[in-house]
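Please read the structure below before turning to the comments.
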Amino acid sequence: MWSLSYLKVVDRGRLLSQGLCSNCITRLRTCFLLRGNKSFVTEIQSASKPAWRVLFFGSDDFALESLKRLHVSRDDITDKTIDSLEVVTLSRDTPVRKYAEQHRLPLHHWPDVDFSTQFDVGVVVSFGCLIKEKIINKMPHGILNVHPSLLPRWRGPAPVFHTILHGDSITGVTIMQIRPKRFDVGPILQQELYEVPKNCTADELGATLAIVGSRMLMDTLKHLPERIANRKEQPKEGVSFAPKISSRMAWIIWEEHSCDYIDRLFRAIGSRIPLKTMWLGNPIKLLDFVGKCNVLFTAAPYISAVPGSVHYQKESNILLVRCKDGWVGFQAVKFKKRLSAADFFNGYLHQSVLKKSPSSNTCLFESYKDTPGGQDSKMLLQNNTSL
């Protein structure tokens, strides 16, 4: 796989440190004559070309898109980019593992990776585990990563969710080389910008970026030596972090969160984690979010505009809740069981509304500030984003 376009004398240890295997060095020994007492041989400017022997690390649906494209390339007799393909996945049942088993791809269960076969380059996508330096060094071209953000913005396991949550208008995909000990800090081989569609969800954006990333991955592999030669270190400015999404992030603080923030929060995590609040001292899940609502209470002056105030809008069958700067609507809740807005009103809300007492706590959803959720919500918004 290696051809030489440049040669100068260095020691054997340096050759090994640059990724050349012992067999490569042995072949070089047979081609060049040692002179004097100088130690053999070579610092190489490599002109290696596909087809590559690839070891793929991945888990979820985002990773699956890249694996599928690698698999198609391997089986395409007109495409000489991929020679062989093996897969490393986690022990649990994941989309990548299912695909590898279904298509009979050689499969390794992390961390038990068999390196009896030689690989030219690794590819890691949505894997979630740090890969040790000794594994990275086993592959002459290192390990590439497909990351759905414009690094160094949104380093970490959940870049797509944070892109939506913080209202970014521009995102993209980065192809980089990984480094040991830290996630998402390696040099950039290729980046491509993508405009975030208005009102899209994290699931929709992630699916699109998975396709973009798989295409970029193949393009990088087709021109890998050139891309590695022109790689760029990530800038130190503009670094932000995308921690893993957790259920604690779903708590709404009605006094602090705006209509726009609640909308972004729902589009970021709502398909996986329902938004939550408190009702009569008990947690309640807010379902089927409908967005910001214009509310006129001229016919019901007793309704409070205090954050957390709840009102049932009969004509649209929506449960309205007051937040920092307006009203947001939900079509259903889960309180012991799933209830439509009408069912919740008939079973619970109308008793407090009939009291016509804005000061009564029974007609308020309460913010759950004294939990880790409240702290998480504040930490999420430290990137100069308005609530």
Side-chain angles (χ1 to χ4, degrees), residues 56-67 69-70 121-133 135-136 139 141-197 200 202-224 226-245 264 268 379-385:
F56 182 88
F57 302 73
S59 61
D60 62 13
D61 287 320
F62 184 86
L64 181 58
E65 196 65 39
S66 289
L67 177 59
R69 193 165 294 223
L70 290 168
V121 63
V123 174
V124 57
V125 189
S126 258
F127 189 57
C129 299
L130 283 172
I131 299 175
K132 294 182 178 180
E133 187 173 7
I135 296 179
I136 299 173
M139 284 160 271
H141 295 285
I143 300 179
L144 311 182
N145 174 230
V146 181
H147 187 83
S149 81
L150 296 176
L151 291 171
R153 184 160 178 81
W154 301 133
R155 290 176 179 172
V160 176
F161 295 101
H162 288 271
T163 294
I164 297 297
L165 181 61
H166 290 81
D168 291 4
S169 59
I170 298 293
T171 186
V173 175
T174 302
I175 309 293
M176 54 169 281
Q177 283 184 311
I178 71 167
R179 284 181 174 160
K181 300 181 181 179
R182 292 178 62 193
F183 286 109
D184 306 329
V185 298
I188 294 170
L189 305 188
Q190 186 176 354
Q191 272 189 334
E192 189 170 306
L193 275 64
Y194 181 80
E195 186 174 351
V196 180
C200 79
D203 288 343
E204 293 166 343
L205 181 61
T208 300
L209 294 182
I211 296 172
V212 173
S214 68
R215 172 180 54 76
M216 290 174 61
L217 172 63
M218 293 308 303
D219 182 65
T220 298
L221 288 170
K222 289 177 187 293
H223 306 92
L224 186 55
E226 177 186 351
R227 295 288 163 78
I228 291 176
N230 294 300
R231 62 189 176 185
K232 296 181 179 179
E233 296 296 328
Q234 294 185 34
K236 296 181 181 180
E237 301 77 22
V239 176
S240 61
F241 297 94
K244 188 176 181 179
I245 296 296
R264 297 197 305 270
M379 289 174 64
L380 283 173
L381 293 150
Q382 291 178 351
N383 293 277
N384 299 321
T385 303

Between C200 and I164, is there a side-chain heavy-atom distance shorter than 4.5 Å? yes
Within the 4.5 Å heavy-atom criterion, are L130 and I178 side-chain neighbours or not? no
Checking side-chain contact (heavy atoms from CB on, under 4.5 Å) for the pair T163/W154: CA distance, chi angles, key distance, verdict? CA-CA 8 Å; T163 294; W154 301 133; 3.5 Å; yes
Can you check whether P243's main-chain N or O pairs, donor with acceptor, with H162's side chain at less than 3.5 Å? yes
With side chains defined as the heavy atoms from C-beta onward, is the minimum distance between V125 and L67 less than 4.5 Å? no
Taking the side chain as C-beta and beyond, is there a heavy-atom pair between E192 and I175 under 4.5 Å? no
Say whether, by atom type as modelled, one donor and one acceptor occur between the side chain of S66 and the main chain of F62 under 3.5 angstrom. no
Heavy-atom nearest pair, L205 first then P197, reads CD1-CD, 4.5 Å
At what distance, to the nearest 0.5 angstrom, does OH of Y194 lie from OG of S169? 13.0 Å
Using a 3.5 Å distance criterion without hydrogens, assess whether the side chain of E65 forms a donor-acceptor pair with backbone atoms of R215. no
State which residue, out of V124, I143, V123, fulfils the side chain to side chain contact (heavy atoms under 4.5 Å, CB included) condition with F56. V123
Closer than 3.5 angstrom, by distance alone: can the side chain of S126 be matched with the main-chain N or O of G58 as a donor-acceptor pair? no
Can you tell me how far apart CD1 (I131) and CD1 (I136) are? Round to the nearest 0.5 Å. 6.5 Å
Less than 4.5 Å apart, side chain to side chain, heavy atoms only: is that true for R179 and P187? yes
Restricting to non-hydrogen atoms, name the atom on S149 and the atom on P159 that form the minimum distance, rounded to 0.1 Å. CB-CB, 3.9 Å
Could you grab the distance from atom CE of M216 to atom CG of L209, nearest 0.5 Å is fine? 10.0 Å
Could you please spell out the steps behind the side-chain contact (heavy atoms from CB on, under 4.5 Å) verdict for M218 and L70? CA-CA 7 Å; M218 293 308 303; L70 290 168; 3.7 Å; yes
With the side chain counted from C-beta on, respond yes when Q234 and T174 share a heavy-atom pair under 4.5 Å apart, and no when they do not. no
Do N145 side-chain atoms and M176 backbone N/O form a donor-acceptor pair below 3.5 Å? no
Atom of G156, atom of H147 and distance for their closest heavy-atom approach: O-CE1, 3.5 Å
Is there a donor-acceptor pair under 3.5 Å between the side chain of R155 and the backbone N or O of D184? yes
Classify the angle between the aromatic ring planes of F57 and F127 as parallel (below 30°), tilted (30 to 60°) or perpendicular (above 60°). perpendicular
Check: E195 and I170 side chains under 4.5 Å, non-hydrogen atoms: yes
Would you name the heavy atoms of A202 and A268 that are closest together and state the gap between them? CB-O, 3.4 Å
Q177 (side chain) donor-acceptor with H141 (main chain) under 3.5 angstrom: yes
Measure the CZ-OG1 distance between R153 and T171 for me, rounded to the nearest 0.5 Å. 8.5 Å
What pair of heavy atoms forms the shortest contact from G213 to V146, and how long is it? CA-CG1, 3.8 Å
Do L224 and L144 come close enough that some side-chain heavy atom pair is under 4.5 Å? yes
